[in-house]
Amino acid sequence: TAPVRFDREKIFRVTPVDEKEARVLKDLAQIIELDFWYPDATHDVAANMTVDFRVSEKESQTIQSTLEQHKMNYEILIHDLQEEIEKQFDVKDE
Amino acid sequence: VSGRHSYGKYNDWDKIVSWTEKMVAKHPEMVSRIKIGSTVEDNPLYVLKVGRKGKERKAIFIDCGIHAREWVSPAFCQWFVYQATKSYGKNRIMTKLLDRMTFYVLPVVNVDGYIWSWTQNRMWRKNRSKNQNSTCIGTDLNRNFDVSWDSSPNTNDPCQEVYRGPAPESEKETKAVTNFIRSHLNSIKAYITFHSYSQMLLFPYGYTSKLPPNHSDLLKVARIATDFLSSRYETHYIYGPIASTIYPTSGSSLDWAYDLGIKHTFAFELRDKGKFGFLLPESRIKPTCKETMLSVKFIAKYILKNTS
């Protein structure tokens with residue numbers, strides 16, 4: 001079967017400033033499939049922790065609007081994961 | 001992915017297997033290959049025994065590739081063996097280490113997951129074992145060790161990325177590692193495991209915030225080891241006990257090895273800090289490996305000098 005593709009999937013970075021914001025992330029993880037890059041899992045998310053997670057293009061809008069609605073700071077580390085996957089092979093064969 | 005094995009590139013499993021054969025053929029006096037078991041999908045688990053042949057000596061067990069998507073980790077294990085064999089007789093410290101110690105290097109623990117991350121899903125983390133009563137595949141091998149295994153209520157869902165498995169050491173990969181370490185316990189004085197990312201050097205405990213008896217010793221080694229690491233390219237690593245530096249984790253290989261009696265156990269979380277995450281470009285493999293090598297050589301020297 002063809003490999004999974006990650007076209008326009010995004011990696012978000014959020015640093016919840018308190019337990020309330022950490023709770024927002026945990027609640028989002030209940031309704032949207034988030035692949036946590038750091039920490040390893042939802043239950044490890046805590047206040048003042050840098051949290052990186054992957055989300056599909058479709059769901060990224062919901063993520064962004066929810067974070068903005070809660071006035072939570074965030075950045076998008078990777079805008080198109082599939083592109084990064086292909087770019088990691090940046091050394092020519094010796 | 002074409003071409004042949006390269007230390008400056010990511011190598012798929014077939015290339016790594018042929019690389020192990022090449023290292024044994026090229027350095028028969030220094031390298032031997034031991035099959036310590038096989039995976040759920042019957043791939044071999046190979047340990048390279050590195051060090052001048054002779055009577056049994058103090059040993060360090062090094063493993064890479066517990067989590068499939070953390071590709072820079074196996075790259076470091078390959079680099080370590082390459083550098084060790086290449087600098088023997090040329091670099092004074094490495095020559096002394098290889099004359100007086102043995103390194104057991106397991107380049108990829110989670111072979112099935114690593115293959116899957118090459119062929120099907122670059123974002124895969126767990127192994128590929130099937131779970132009873134669930135369509136979700138895989139166990140997180142770093143939650144499957146028999147140390148405080150079921151203390152976290154959140155790792156018993158097979159669909160979780162951190163699923164601990166149906167029982168401690170339920171996974172063939174875990175069992176192969178633990179059996180080998182147990183059977184070589186009298187010589188193994190340190191255990192070092194490589195992951196990515198976030199640039200940290202971690203030591204026990206993860207399953208409790210309690211500090212181990214030799215905490216100050218571990219802290220000192222980690223401090224100096226991260227100093228050595230940053231001396232090359234000023235790459236900054238933080239260091240400390242798992243539980244307080246990142247978050248509590250149960251069933252980890254690090255804690256298991258420590259509680260088994262290996263009192264110097266460390267986990268490297270290699271580059272980077274999130275700009276690329278698991279997708280560190282190949283152009284950064286060599287600098288990552290070179291700086292980490294300085295750190296590992298210091299730790300090995302310390303173990304040689306300070307363990308009985």
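Just so you know, these numbers come straight off a predicted model, no measurement behind them. Reminder, nothing fancy here: chain letters follow the sequence lines and each chain counts from 1.
Using a 4.5 Å cut-off between heavy atoms, A:Phe36 touches chain B through its backbone atoms (N, CA, C, O) alone. Neither the backbone nor the side chain of B:Trp124 comes within less than 4.5 Å of any heavy atom in chain A. Residue contact with chain A, scored on non-hydrogen atoms closer than 4.5 Å, involves the backbone and the side chain of B:Ile246 alike. For chain A, the nearby parts of B:Ser283 are the backbone and the side chain; heavy atoms of each come within less than 4.5 Å. Heavy atoms of B:Ser152 lying under 4.5 Å from chain A belong exclusively to its side chain. Looking at A:Thr50, there are no atoms closer than 4.5 Å to chain B (heavy atoms on both sides), in backbone or side chain. A:Ile85 touches chain B through backbone and side chain together, each having a heavy atom under 4.5 Å away. If you measure heavy-atom distances from A:Leu81 to chain B, the contacts under 4.5 Å come from both the backbone and the side chain. Of the two parts of B:Pro153, neither the backbone nor the side chain holds a non-hydrogen atom closer than 4.5 Å to a non-hydrogen atom of chain A.
When the shell of 6.0 Å around CD of A:Gln69 is examined, it contains more than 12 heavy atoms from other residues, nucleotides or ligands. Within a 6.0 Å sphere centred on NZ of B:Lys86, other residues, nucleotides and ligands contribute 12 heavy atoms or fewer. More than 12 heavy atoms of other residues, nucleotides or ligands sit less than 6.0 Å from atom NZ of A:Lys26. Residue A:Asn73 places its CG atom among 12 or fewer non-hydrogen atoms of other residues, nucleotides or ligands, all under 6.0 Å distant.
Here B:Arg122 contributes atom CZ and A:Gln82 contributes atom CD; the two are 11.0 Å apart, rounded to the nearest 0.5 Å. Between B:Thr155 atom OG1 and A:His43 atom NE2 the span is 6.5 Å, to the nearest 0.5 Å. To the nearest 0.5 Å, atom NE2 of residue B:His195 and atom CG of residue A:Asp40 are 9.0 Å apart. Taken from CD in B:Glu282 to NZ in A:Lys92, the straight-line distance is 9.5 Å, to the nearest 0.5 Å. Here the CG atom belonging to A:Leu77 is positioned 11.5 Å from the CG atom belonging to B:Leu279, to the nearest 0.5 angstrom. In this structure, CG in A:Asp44 is found 8.0 Å from OG1 in B:Thr249, a value given to the nearest 0.5 Å.
For the pair B:Trp71 and A:Gln88, the minimum side-chain heavy-atom distance is below 4.5 Å.
Contact count against chain A (heavy-atom pairs under 4.5 Å) is highest for B:Val162 among B:Asp140, B:Val162, B:Asn142. For chain B, the option among A:Ala41, A:Ala46, A:Pro39 with the highest count of heavy-atom pairs below 4.5 Å is A:Pro39. In terms of non-hydrogen atom pairs under 4.5 Å with chain B, the most contact-rich of A:Met49, A:Glu75, A:Arg54 is A:Arg54. Counting heavy-atom pairs closer than 4.5 Å to chain A, the top residue among B:Arg284, B:Arg69, B:Lys273, B:Met123 is B:Met123.
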CA sep, side-chain torsions, deciding dist, call: B:Phe276, A:Lys87, side-chain contact (heavy atoms from CB on, under 4.5 Å) | CA-CA 10 Å; B:Phe276 298 104; A:Lys87 278 162 59 179; over 6 Å; no
Evaluation steps, side-chain contact (heavy atoms from CB on, under 4.5 Å), between A:Val4 and B:Gln120 = CA-CA 6 Å; A:Val4 175; B:Gln120 294 299 314; 5.5 Å; no
Might you work through the side-chain contact (heavy atoms from CB on, under 4.5 Å) test for A:Asp52 and B:Phe278, ending with a clear yes or no?
-> CA-CA 11 Å; A:Asp52 299 344; B:Phe278 302 119; over 6 Å; no
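Taking the six-membered ring for Trp and thresholds of 30 and 60 degrees, A:Tyr38 and B:Tyr197 have ring planes inclined between 30 and 60 degrees apart. The aromatic rings of A:Phe89 and B:Tyr10 stand perpendicular to each other, their planes meeting at an angle above 60°, with 30° marking the opposite boundary.
With sequence neighbours excluded, the residues that form a ring pair (Phe, Tyr, Trp, His ring centres under 6.0 Å) with B:Tyr82 are B:Tyr7, B:Trp79.
For the pair B:Arg4 and A:Asp93, the salt-bridge criterion is not met [side-chain N within less than 4.0 Å of a carboxylate O]. The pair B:Arg125-A:Asp35 does not meet the salt-bridge criterion, since no charged nitrogen lies less than 4.0 angstrom from a carboxylate oxygen.
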